[in-house]
Asker: 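The following block contains the structure, expressed as C-alpha cells.
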Protein chains: 2
Amino acid sequence: MKSTIPDAGVPIAPPAQNGGDRQEASLHGEVLLRLRDYVVEGNIPDGARVPERQLCEMLGISRTPLREALKVLAAEGLIELLPNRGARVRQLSQRDLEELFDVMAGLESLAGRLACEAITDEEIIAIEQMHYEMYGHYLHRDMHGYFQANQRIHESIVAAARNETLKTTYANFAGRIRRVRYSANFARKRQRWAEAMREHEAILDALRRRAGSELSDILFQHLRNKRAAAIEHLTEPQEDAPASP
Amino acid sequence: MKSTIPDAGVPIAPPAQNGGDRQEASLHGEVLLRLRDYVVEGNIPDGARVPERQLCEMLGISRTPLREALKVLAAEGLIELLPNRGARVRQLSQRDLEELFDVMAGLESLAGRLACEAITDEEIIAIEQMHYEMYGHYLHRDMHGYFQANQRIHESIVAAARNETLKTTYANFAGRIRRVRYSANFARKRQRWAEAMREHEAILDALRRRAGSELSDILFQHLRNKRAAAIEHLTEPQEDAPASP
DNA sequence: AGGACAAAAAATGAATGCAAAATGACTTCC
DNA sequence: GGAAGTCATTTTGCATTCATTTTTTGTCCT
C-alpha cells in the first residue's frame, strides 16, 4: 500500500493561486476548516498515515500552514502526532468511544439543566415541532430524516442552554464521534428506536416543566442508552446489512 | 508602554542550545508546555499583545515552532489570534467566566456520576482522608491548605470517573479558569466557606452510597455556588484586602 | 535462500527569507 | 491648531531551505 489516502485525486482546494475572490479567513484557517471536515467525514481511513507532502499538494499550499492546522487538529483530538513519524488519524478504541459518549452525555445533560433555566416557550414549541417531525420519520421508517430531526433537537437543547463555551465544546466532541458512522447502523434496531422515542417524550415533558435536575438525568440516561446501542453495534457489526459499502 | 510582558528578562528556557540532556518532547511540544504554563500562571496581563519576536527571544527559538504552539493555545481558548494582528491573551468577560464555571460544573457533575459506578472503597477512604485534612485547614483558617485539599478532592473524583477524555477536558477548562485568581479571594467570605464544607460532606455522603444521580446534582450545585461567589467577588472586588499586590 | 547491515531516499522538525498588512510618525492641508 | 494623508518601520503570514530522523532498498554474509 503506497498512497494511504483513498481517492484524493481531486485537489480539495481550487487552484488557490490567487484567483479566489472569497477569502474566508487566513490561509491556515481555511486549511484548518477543510482538513477538519475532510477528516471528520472519514475520507481518510482509520489510523492511516498522512504524509504532509501529499496533503500540501492536495490543498495547494506549503507545509507551514498545513503543519499549524495539524497541530490544532491534534489538540482537538482528531489526529495524533507521533514525534518524527508524522500524523495519523486517531484510531478510536472501543474504550475511547465509550469515554466520548459519556462525555457527550455529560455535556447534553448539562445543556438540559441549563436550558431549563433559560429556554423560552417559543423554543420549546419549536422543539415540540421537531419532535413531531421526528415521530413522523419514525412512523415512516425514514431513518435519515429521523436522525436529522433527532440531531436538530439535541442541538436546539444545547443552543437553549445559552452557553457558547458549551456549544463549542459540544460541537468538538460531536465531530470526534461523527467519524464513527454508528448512527446509520445502530438505529436499525427497532426496539432501541422505540425506546428512544419514549425517552424523547420524557425529555420534552421535563423541558416543559423546566425540571432541570430531572431533565439532566433523563438526558444522561438517553445518551447512555445510545452509547450502549452504538457499542453493541460495533462489537457485533450488523444486524441487517447496510446498503452503502 | 513598550514591552507588554512584565518581567520577562529571564529567558524561560535554559540555554536550550543542545546541552540539555533531558529532551521531554519535540521542541514545539516543549514550547507549548512552557507557554501554556506561562499564560495560565498569569505572567502576561489580560488582553496584552504578545509580539512573536519577543516570545521567540524569550524562549530562544525561531518563530515556526512558536507559531505552532500559539495556534494550539488559541484552539484551547487561552489566547486569541486576530488575523494579521497577532496573539492576545484572551480577555475573559464576566459572561465568559460564568459560562466556564457552568461547563466545569457540568464536567464535575458528570465525573461524580461516573465515579459512583467505578470508585473503589479505598479511593473513597482516600477522599475522606483529604476531606478531614481540608476540615483541619478550615478550622485553622489555612486558606492555601484548604484550597489545595479541595482541589485534590475534586481531582480525585474526576480520576475516579475512569475517563481519560473527561480528565483531559477537565484539565483544559481548569487551566482556562485558573488565570482568574479567584480562589485566593472569594474564599475569604466565611459564610461561603462554611457552606462549602457542608456541601463537601454531602458529596462524600452521596459518594459513599454510590448515589450517582444525587451526587451529580450536589456537585453541580456546589460548583454553581462557587461560581456565584467568584462572580460576586469580581464585581465587588475585595471584602478584606488581600496581602498580595 | 533468508536475515542482517548499510547506504540512499524520503519525510519530519526547525530556521530563514520574502511579501503583504498593520502600526506609528511625520508632513501637509484646511 | 487640528485632522487627514503619506511614508517608514515593525510585524505577521507563508514559502523555501537546511538539518535530523526515519524508512526503504540493495547488498553481503551465513
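Being a predicted model, the structure only gives us computed values, none of them experimental.
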Asker: I'd like to check the side chain to side chain contact (heavy atoms under 4.5 Å, CB included) partners of B:Glu164; sequence neighbours left out, ordered by chain and number.
Answerer: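 Counting only residues at least two positions away or on another chain, B:Glu164 forms a side chain to side chain contact (heavy atoms under 4.5 Å, CB included) with A:Glu99, B:Lys167.
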
Asker: I'd like to know if B:Glu117 and A:Arg224 make a salt bridge, using a cut-off of under 4.0 Å between side-chain N and carboxylate O.
Answerer: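 Salt bridge between B:Glu117 and A:Arg224, a charged N being under 4.0 Å from a carboxylate O: yes.
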
Asker: Can you name the side chain to side chain contact (heavy atoms under 4.5 Å, CB included) partners of B:Ala160, sequence neighbours left out?
Answerer: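 Applying side chain to side chain contact (heavy atoms under 4.5 Å, CB included) to B:Ala160 gives B:Ala115, B:Ile119, B:Glu123, B:Arg162.
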
Asker: Expressed as a whole number of angstroms, how long is the span from A:Leu82:CG to C:dT12:P?
Answerer: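 Those two atoms, CG and P, are 11 Å apart.
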
Asker: B:Arg152: which residues meet the salt bridge (Lys or Arg N to Asp or Glu O under 4.0 Å) condition with it, sequence neighbours left out?
Answerer: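 Result, salt bridge (Lys or Arg N to Asp or Glu O under 4.0 Å) vs B:Arg152: B:Glu133.
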
Asker: Who pairs with A:Arg176 by salt bridge (Lys or Arg N to Asp or Glu O under 4.0 Å), at least two apart in sequence or on another chain?
Answerer: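 A:Arg176: no salt bridge (Lys or Arg N to Asp or Glu O under 4.0 Å) contacts found.
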
Asker: Kindly write out the residues that satisfy side chain to side chain contact (heavy atoms under 4.5 Å, CB included) with B:Ala75, not counting sequence neighbours, or none if the list is empty.
Answerer: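 Only A:Val72 meet the side chain to side chain contact (heavy atoms under 4.5 Å, CB included) criterion with B:Ala75.
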
Asker: What's the CD1-P distance between A:Ile79 and C:dT12, to the nearest Å?
Answerer: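 That distance rounds to 11 Å.
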
Asker: Between atom CD in A:Glu57 and atom P in D:dT16, what is the gap in whole Å?
Answerer: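 After rounding, the reported distance stands at 13 Å.
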
Asker: Any side-chain donor paired with an acceptor under 3.5 Å for B:Glu155 and B:Tyr170?
Answerer: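 The criterion, which ignores hydrogens and geometry beyond distance, is not satisfied for B:Tyr170 and B:Glu155.
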
Asker: For the helix from C:dA1-D:dT30 to C:dC30-D:dG1, how many degrees between its two end axes (five pairs per end), to the nearest 10°?
Answerer: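 Terminal axis comparison yields 10°.
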
Asker: Please give, in whole Å, the distance from C:dG13 C1' to A:Arg53 CZ?
Answerer: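 Going from CZ in A:Arg53 over to C1' in C:dG13 covers 14 Å.
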
Asker: Just to verify, what does B:Asp46 make a salt bridge (Lys or Arg N to Asp or Glu O under 4.0 Å) with, not counting sequence neighbours?
Answerer: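 With sequence neighbours excluded, B:Asp46 shows a salt bridge (Lys or Arg N to Asp or Glu O under 4.0 Å) to B:Arg179, given in chain and number order.
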
Asker: Which residues satisfy the salt bridge (Lys or Arg N to Asp or Glu O under 4.0 Å) test with B:Arg67, sequence neighbours excluded?
Answerer: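 B:Arg67: salt bridge (Lys or Arg N to Asp or Glu O under 4.0 Å) contacts with A:Glu68, B:Glu52.
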
Asker: How long is the line joining CG of B:Leu27 and P of C:dT12, in whole Å?
Answerer: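 So the two atoms are 18 Å apart, to the nearest Å.
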
Asker: Atom CG of B:Leu55 to atom P of D:dT11: distance rounded to whole Å?
Answerer: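 One finds 12 Å between P of D:dT11 and CG of B:Leu55, rounded.
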
Asker: Does C:dG13 have OP1 or OP2 under 4.0 Å away from a side-chain N or O of B:His28?
Answerer: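 So the side-chain polar atoms of B:His28 never come under 4.0 Å of the phosphate oxygens OP1 or OP2 of C:dG13.
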
Asker: Output the rounded distance in Å from CD (A:Glu52) to P (D:dT22).
Answerer: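 A:Glu52 atom CD is separated from D:dT22 atom P by 15 Å.
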
Asker: Measuring to OP1 and OP2 of D:dA15, would you say a side-chain N or O of A:Ser62 lies under 4.0 angstrom away?
Answerer: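 Yes, within the criterion.
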
Asker: Name every residue in residues 66-78 of chain B that has at least one heavy atom under 4.0 Å from any atom of DNA chain D, in order of residue number, or write none if there are no such residues.
Answerer: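 B:Arg67 - these, ordered by number, are the residues of the stretch whose heavy atoms sit under 4.0 Å from the strand.
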
Asker: Under the side chain to side chain contact (heavy atoms under 4.5 Å, CB included) test, which residues partner B:Ala111, sequence neighbours left out?
Answerer: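 Testing B:Ala111 for side chain to side chain contact (heavy atoms under 4.5 Å, CB included), a comparison that skips the adjacent residues, returns B:Ile157, B:Val158, B:Ala161, B:Leu166.
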
Asker: What residue pairs, at least two apart or across chains, pass side chain to side chain donor-acceptor pair (under 3.5 Å) with a residue in residues 72-88 of chain A?
Answerer: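 Of all non-adjacent pairs touching residues 72-88 of chain A, those that pass side chain to side chain donor-acceptor pair (under 3.5 Å) are A:Arg36-A:Glu76.
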
Asker: Could you encode protein contacts along nucleotides 18-25 of chain C as a string, one character per nucleotide from 5' to 3', using B for base contact, S for sugar-phosphate-only contact and - for no contact, with a heavy-atom cut-off of under 4.0 Å?
Answerer: ---SSS--

